[in-house]
Novice: 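What follows is a structure written as structure tokens; I'll ask about it next.
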Amino acid sequence: GAVVSQHPSWVICKSGTSVKIECRSLDFQATTMFWYRQFPKQSLMLMATSNEGSKATYEQGVEKDKFLINHASLTLSTLTVTSAHPEDSSFYICSARYRFGTDTQYFGPGTRLTVL
Amino acid sequence: QKEVEQNSGPLSVPEGAIASLNCTYSDRGSQSFFWYRQYSGKSPELIMSIYSNGDKEDGRFTAQLNKASQYVSLLIRDSQPSDSATYLCAPNGALTFGSGTRLQVQP
């Protein structure tokens, strides 16, 4: 149980385009999902917290107009990187927390974004 | 002071030895503690959670928590080369991660 998927697993896009990344909890309902970014040899950095049916909460320094997050259901959250630039190239990882019970987070496999 | 502090390593141990990974945290109100393992190029995977002071064992892994000292550790017995990864300590629902400790198990 507690499986989180992400799609796509990798994506290459041109500078200036937008990219959407999906995060799904496959076998449980997740009230809260989290989006992280990880640059090579660096730690995970929380970008935003996504709650079903409400606006995402962004961490300081993360542009909410650039990284659009939608959490339309208890099993799906999406991150859209708008007007992507090469510096947005990174490993994007989502995680999901059970609707009920513990505060354990389960991570998706990640999406590697390369912006040319 | 950082919220979570871990020795970045690398911590190198021979195969079959015990690897000891340590973590200190600053939030005295932290109630839950998680250890994740992250292989290079992959996302983190949950190894263990611990909520109460003392030890919690799961197979070759033992988590130890001392809330008074704001210290949590992970022991890996009979270390295997496949344990070579970065280990992340995360108090309180794992929103804040330290840089992790890179473990290398030498065959």
Side-chain angles (χ1 to χ4, degrees), chain A residues 1-10 21 23-25 28 30-51 56-60 62 79 89-114, chain B residues 1-11 21 23-27 29-52 56 58 61 63 65 67 72 74 84-104:
Chain A
V3 178
V4 177
S5 70
Q6 275 184 251
H7 178 82
S9 55
W10 60 270
I21 302 169
C23 176
R24 293 183 185 271
S25 56
F28 66 100
T31 306
T32 306
M33 291 183 173
F34 304 90
W35 287 95
Y36 292 85
R37 180 167 54 181
Q38 188 173 37
F39 293 106
K41 299 191 183 302
Q42 294 188 23
S43 185
L44 290 165
M45 289 180 53
L46 179 66
M47 299 176 66
T49 299
S50 168
N51 291 297
T57 302
Y58 291 82
E59 295 299 300
Q60 191 173 7
V62 178
L79 168 68
S89 299
S90 188
F91 191 39
Y92 291 86
I93 307 171
C94 75
S95 69
R97 181 181 287 173
Y98 274 118
R99 183 180 184 186
F100 304 106
T102 73
D103 51 6
T104 307
Q105 283 190 59
Y106 297 93
F107 285 87
T111 296
R112 193 161 300 282
L113 170 63
T114 302
Chain B
Q1 181 185 7
K2 291 183 180 178
E3 293 185 48
V4 177
E5 300 222 28
Q6 293 181 256
N7 188 322
S8 61
L11 171 67
L21 307 165
C23 170
T24 57
Y25 59 93
S26 60
D27 183 359
S30 298
Q31 296 296 316
S32 55
F33 303 85
F34 301 84
W35 282 100
Y36 289 85
R37 175 175 61 195
Q38 186 176 24
Y39 292 110
S40 181
K42 303 293 185 182
S43 69
E45 56 179 320
L46 179 67
I47 298 176
M48 288 188 70
S49 59
I50 185 167
Y51 294 83
S52 304
K56 179 182 177 182
D58 184 358
F61 299 96
L65 174 61
K67 291 185 180 179
V72 58
L74 181 70
S84 298
T86 297
Y87 289 80
L88 304 171
C89 161
N92 263 356
L95 295 185
T96 304
F97 290 89
S99 56
T101 298
R102 188 158 62 96
L103 172 67
Q104 293 178 341

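Fair warning: this is a prediction, and the values are worked out from it, not measured in the lab. Quick note on labels: first sequence line is chain A, next is B, and so on, each numbered from 1.
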Novice: Indicate yes or no: at least one non-hydrogen side-chain atom of B/T86 is less than 4.5 angstrom from one of A/S43.
Specialist: no
Novice: I'd like to verify something: which residue of B/G100, B/S8, B/S49, B/G41 has the highest number of heavy-atom pairs under 4.5 Å with chain A?
Specialist: B/G41
Novice: Can you see whether A/F91 has A/R112 sitting over its ring - NZ or CZ less than 6.0 Å from the centre and within 45° of the normal?
Specialist: yes
Novice: For B/K42, look at atom NZ and say whether over 12 heavy atoms of other residues, nucleotides or ligands are found less than 6.0 Å away.
Specialist: no
Novice: With a 4.5 angstrom heavy-atom cut-off, could you sort out which part of B/Q38 is near chain A: side chain, backbone, both or neither?
Specialist: side chain
Novice: Decide if atom CE of A/M45 counts as having more than 12 heavy atoms of other residues, nucleotides or ligands within a radius under 6.0 Å.
Specialist: no
Novice: Against chain B, label A/Q38 side chain, backbone, both or neither, depending on which of its atoms sit under 4.5 Å from a heavy atom there.
Specialist: side chain
